[in-house]
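Scope of the values below: all heavy atoms of this structure, side chains included, with no hydrogens, waters or symmetry mates.
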Amino acid sequence: MRIIFKIEYHTKWGENLFLHYGQGEKAAMQYTGDGIWTAVTETEDLSPFCDYHYEVEKYGRFERREWGGHSLGVKGKAPVDMTGEALSGEGCLEIRDRWKMMPRCAGTAVPVFSLRSSGSFGTGEFNDLRLLADWAVASGQKVIQLLPVNDTTMTGTWVDSYPYSANSIYALHPQFIHLPDAGVEEDEEYRRLKDELNSLPAVDYEKVNGTKDRLLRKAFARKWRSTCMTKSYKTFFQENSRWLLPYSAFRILTGRYGTADFRKWGEYSVYSQDRVEALLKDEKQECNYFCFVQYHLHMQLSSARDYAHSLGVYLKGDLPIGISLTSADAWTSPELFHLDSQAGAPPDAFAAKGQNWGLPTYNWEKMAEDGYSWWKSRMKNMEQYFDAFRIDHILGFFRIWEIPCGASSGLLGHFSPALPYSTGYLRSMGFDLPDSGPAVPGSEDVLFVADPHTGGFWHPRIAAQQTEAYRKLEWHMKESYNRLYDDFFYHRHNSFWKDSAMKKLPELLASTRMQACGEDLGMIPDCVPEVMRELHILSLEIQRMPKLQNEAFADVRHYPYMSVCSTSTHDMNPLRAWWEEDRELTGRFYREVLGENGDAPQECGPQICRKIVKMHLDSPSLLAILPLQDWLSTDGGLRAPDPHSERINDPSDNPHYWRYRMHISLEDLLGAGDFNASLHRMVEESGRQVTE
C-alpha cells in the first residue's frame with residue numbers, strides 16, 4: 001500500500017520537514033508549493049504509523065518538533081487516520097495532517113505537597129492530582145503545573161523540603177505516596193495519624209516522612225512477596241534497574257554513614273559497580289524496600305496522569321537546572337560534573353546578594369562526548385508522566401553563574417563560560433589590578449573578580465556600582481567602568497552564549513515530545529529570546545518582572561503568543577501578600593495598570609484580584625498558568641484568611657522551609673459550584689480552550 005503524508009507548514013530558509021515513525025525511522029519530506037510538504041511510503045504494515053510525528057531540521061540539525069503526534073489505526077479492514085483527514089483510493093491512502101501545538105488554555109501551578117484532601121496524610125499526594133484534575137475541568141482549565149517531584153531525602157530533616165536538590169534525577173519522593181494503595185492498613189493508628197497530620201496548617205516534613213517510612217516498612221514486610229511476583233513490578237524493575245539499584249545503594253549508605261556526602265563513605269566514596277553489587281546482596285531486604293516504594297510511586301503517578309488525560313487535562317513538570325552535590329547522580333557519574341564549584345544566580349528582584357544554590361556545575365564537554373545521553377535519559381524519564389515541562393533557569397544552558405567554593409553569597413560569582421578581560425587590557429583603561437587573582441574568595445568590595453580557571457583574567461563584579469570601591473572612582477573612571485560593565489553583561493557574549501546553548505538545547509528537545517517552557521527571568525542576554533523563538537520554547541512572562549528596560553510592570557497585552565504568563569511564581573509572594581509589600585509600588589500598579597484613581601486600597605480585594613486574573617487570561621500568551629493561591633484570591637469566601645501564609649519560597653531565606661499547604665480541601669474546592677462556574681466563564685470568554 002502507498003501512503004502519502006501531507007502537511008502544511010511554512011518554513012524559513014534552510015529548514016526542512018521530516019516524518020518520524022516506527023522505531024526511530026524518519027523520511028525526508030518534499031516541498032510541493034503553497035506551504036505543503038509531502039512524504040510517500042510503501043508498506044503493507046501500518047503498525048509503524050500507529051505513532052508518528054513531524055520535525056523541522058535546519059541545515060541538518062534538529063530545530064523543533066510538533067507537540068504530541070498522530071496515529072494511523074485500523075477500523076475494520078480500512079486504515080483510517082485518527083488525527084488528520086484520510087482520503088482513500090485503491091491501493092493508496094492520502095493523509096492530510098495539521099502541525100500540532102498545545103492548545104491556548106489556562107492552568108494552575110501548585111506543588112504536590114501543597115495539596116490537601118480528606119484522603120491525604122499531612123501532605124499532598126499523587127492521588128490528589130485526580131481531584132485537582134476534576135477541579136481543573138470544573139473551572140475551565142487544562143494544565144496542572146507542578147514543582148519537581150523527585151526524592152530529596154538526604155538529612156532526614158526539614159532542610160530536605162527544598163525540591164530543587166534531589167538525591168536522584170529519577171527517583172520519586174516517598175512523601176507523595178498514598179499509603180493504603182501501597183498496602184498500609186487503614187487501622188485505628190493510621191486514621192489517628194492521618195487526622196492529626198491533616199489538621200496541621202502546613203506540612204510537618206519530618207513527621208510526615210518519618211511516619212510514612214515506618215508504616216511503609218510494615219506494609220513491605222507483608223506485601224513484598226506478592227508484589228515482586230506481579231508482571232507490572234517485574235516490568236518496572238527491568239526498565240528501571242540501571243538507576244534503581246544505584247539509588248537504593250545510595251539510600252542504604254546514607255543511612256549507614258549518617259550523611260549523604262559520599263566523600264565521607266570510606267571504601268564506598270568512589271562508586272564501584274562491583275562493590276555496590278556486593279553491598280546490595282548483603283542488604284537485599286533494604287534494597288527491595290526502596291524498589292518497592294519507588295514501584296508504588298511510579299504506579300500512582302502514572303495512574304494520576306492517565307486519569308488527567310482521560311479528562312483532557314495535561315500535566316506540566318519541572319526540570320531543575322542543577323543536581324545535588326550529594327546525590328546518586330554525582331556519586332555514580334562524577335565525571336559529568338564540576339564538583340568543586342557552585343552554581344547559583346546573580347542578584348535580582350528576588351535576592352539582592354544573588355543566590356548560591358550549592359549545586360555543582362555541569363561538565364558540558366564530557367557530556368557532549370556521548371551526545372548528552374545523561375540528559376536524554378533524564379528527559380525520557382520525565383516524559384513518562386508529563387506533557388510539558390518548565391526548564392528551571394534556562395539561562396544555565398547558555399551560561400551558569402559559577403560561585404567559588406567558600407563564598408556564601410552570589411556576589412563574587414562569574415558567568416561560565418565567559419570571555420573575561422585580561423589584566424593588561426584593564427590596566428590600559430586605568431584600573432589597578434594585581435598580576436593574578438586570589439585563590440580563595442576575598443572581599444566583596446571589589447570592581448573585578450578573578451577568573452578561577454585562567455590566571456590574569458578578570459570578570460566585572462556583579463552589581464559593583466553599589467560597592468565602596470566604585471564610589472571612590474573618579475567620575476570619568478566610573479563612566480569607563482559602566483561602559484565596560486554594560487558591554488560585558490549585555491553584549492560581549494551574545495553570539496558566544498548562543499553557540500553554547502545551540503550545542504545542547506536541540507539535543508535535549510529532540511529527545512522528548514514534551515512542550516518545553518523556559519524560566520527566562522532576571523538578567524537576560526539578547527541571545528536567549530532569539531534561541532527560544534528558533535526552538536519554539538515558550539517564554540515565561542511575569543507582570544511585575546518586566547523584560548523591557550524602564551518599565552515598572554509588563555504590559556500583558558503585548559506578551560508573545562509563544563509564552564506562559566503568570567501572576568507570580570513560587571519564588572514570589574502571591575498577589576495579596578505582594579500588594580502589601582511596597583505601598584508606593586502598589587499605588588503605581590493600581591493607577592497605571594488597573595486604571596484606577598486615588599490611593600490603592602490597603603487590601604487586595606477579590607474584585608482587584610479578579611481584574612488582574614482576567615487581564616492575564618485575555619493576554620495573547622498560549623498558556624495562562626496561575627498559582628492556586630491567586631485563583632482563590634478572586635473569591636472572598638475561599639481565599640486564605642492570612643495572605644502571608646501562602647508564600648511557597650523566599651530565595652533570600654536560605655535554607656527555606658518549603659511547607660505551604662492549601663487551607664481548604666480539594667473536596668471543598670470542588671464543591672464551590674458558583675466559584676468554579678465563574679472561573680469557567682472567565683476562561684471561556686478569554687477565548688481559551690476548555691474541557692467540558
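Checked against the 6.0 Å centroid threshold, Trp374 and Phe337 count as a close aromatic pair. For Trp364 and Trp375, the gap between ring centers is short of 6.0 Å. Between Trp99 and Tyr54, the ring centre distance reaches or exceeds 6.0 Å. Under the 6.0 Å cut-off for aromatic ring centres, Tyr314 and Trp67 qualify, their centroids lying closer than that.
Using a 4.5 Å cut-off on side-chain heavy atoms (C-beta onward), Ile524 and Leu395 make contact. Looking at heavy atoms from C-beta onward, Ile462 lies in side-chain contact with Pro347 at the 4.5 angstrom threshold. A heavy-atom distance below 4.5 Å is found between the side chains of Met615 and Val593. A heavy-atom distance below 4.5 Å is found between the side chains of Tyr362 and Ile323. For the pair His338 and Pro360, the minimum side-chain heavy-atom distance is 4.5 Å or more. Proximity of Pro334 to Leu339: side-chain heavy atoms (C-beta onward) are separated by under 4.5 Å at one or more points. Considering only heavy atoms from C-beta on, Phe126 stays 4.5 Å or farther from Tyr385 through its side chain. The shortest side-chain heavy-atom distance between Leu626 and Val613 falls under the 4.5 Å cut-off.
Nearest heavy-atom pair, Arg647 versus Tyr660, reported as atom, atom and distance to 0.1 Å: O-CB, 3.8 Å. What you find for Ser566 and Ile542 is that their closest heavy atoms are O-CD1, 3.6 Å. Across all their heavy atoms, Glu402 and Pro452 have their closest contact at OE2-CG, 4.1 Å. Tyr52 approaches Ser71 most closely through the heavy-atom pair CE2-N, 3.8 Å. Between Ile537 and Gly518 the shortest heavy-atom distance is CG2-N, 3.6 Å.
A perpendicular orientation is assigned to the rings of Phe589 and Trp578, their planes being inclined by more than 60° (bins at 30° and 60°). Taking the six-membered ring where tryptophan is involved, the planes of His656 and Trp658 are perpendicular, since the angle between them exceeds 60° and thus also 30°.
Open room surrounds NZ on Lys353; 12 or fewer heavy atoms of other groups in view lie less than 6.0 Å from it. Within 6.0 Å of NZ in Lys380 there are more than 12 heavy atoms belonging to other residues, nucleotides or ligands. Sparse packing is recorded around CD of Gln466, with 12 or fewer heavy atoms of other residues, nucleotides or ligands lying under 6.0 Å away.
Using a 4.0 Å cut-off between charged nitrogen and carboxylate oxygen, Arg65 and Glu55 count as a salt-bridge pair. A salt bridge does not link Asp128 to Arg130: none of the charged nitrogens lies less than 4.0 Å from a carboxylate oxygen. Electrostatic pairing of Lys503 and Glu365 does not count as a salt bridge here, judged by no charged N lying under 4.0 Å from a carboxylate O. A salt bridge links Arg64 with Glu15: the distance from a Lys NZ or Arg NE/NH1/NH2 to an Asp or Glu carboxylate oxygen falls below 4.0 Å.
In this structure, CG in Asn654 is found 8.5 Å from CD in Gln355, a value given to the nearest 0.5 Å. The OH atom of Tyr9 sits 8.0 Å away from the OG1 atom of Thr11 when rounded to the nearest 0.5 Å.
Applying the ring-ring contact (aromatic ring centres under 6.0 Å, His included) test to pairs two or more places apart or on separate chains, those with a residue in residues 497-528 are Phe415-Trp497, His493-Trp497.
For His20, the ring pair (Phe, Tyr, Trp, His ring centres under 6.0 Å) partners are His53, not counting sequence neighbours. Applying the salt bridge (charged side-chain N to carboxylate O under 4.0 Å, His left out) criterion to Lys498, with sequence neighbours excluded, gives Glu530, Glu534.
A donor-acceptor contact closer than 3.5 angstrom links the side chains of Tyr247 and Asp151.
Thr332 places a side-chain N or O within 3.5 Å of a backbone atom of Ala328 that can act as its donor or acceptor partner.
Tested against Asp387 for a side-chain hydrogen bond (donor to acceptor under 3.5 Å, both in side chains), the candidates Gln515, His309, Arg513 yield a single pass: His309.
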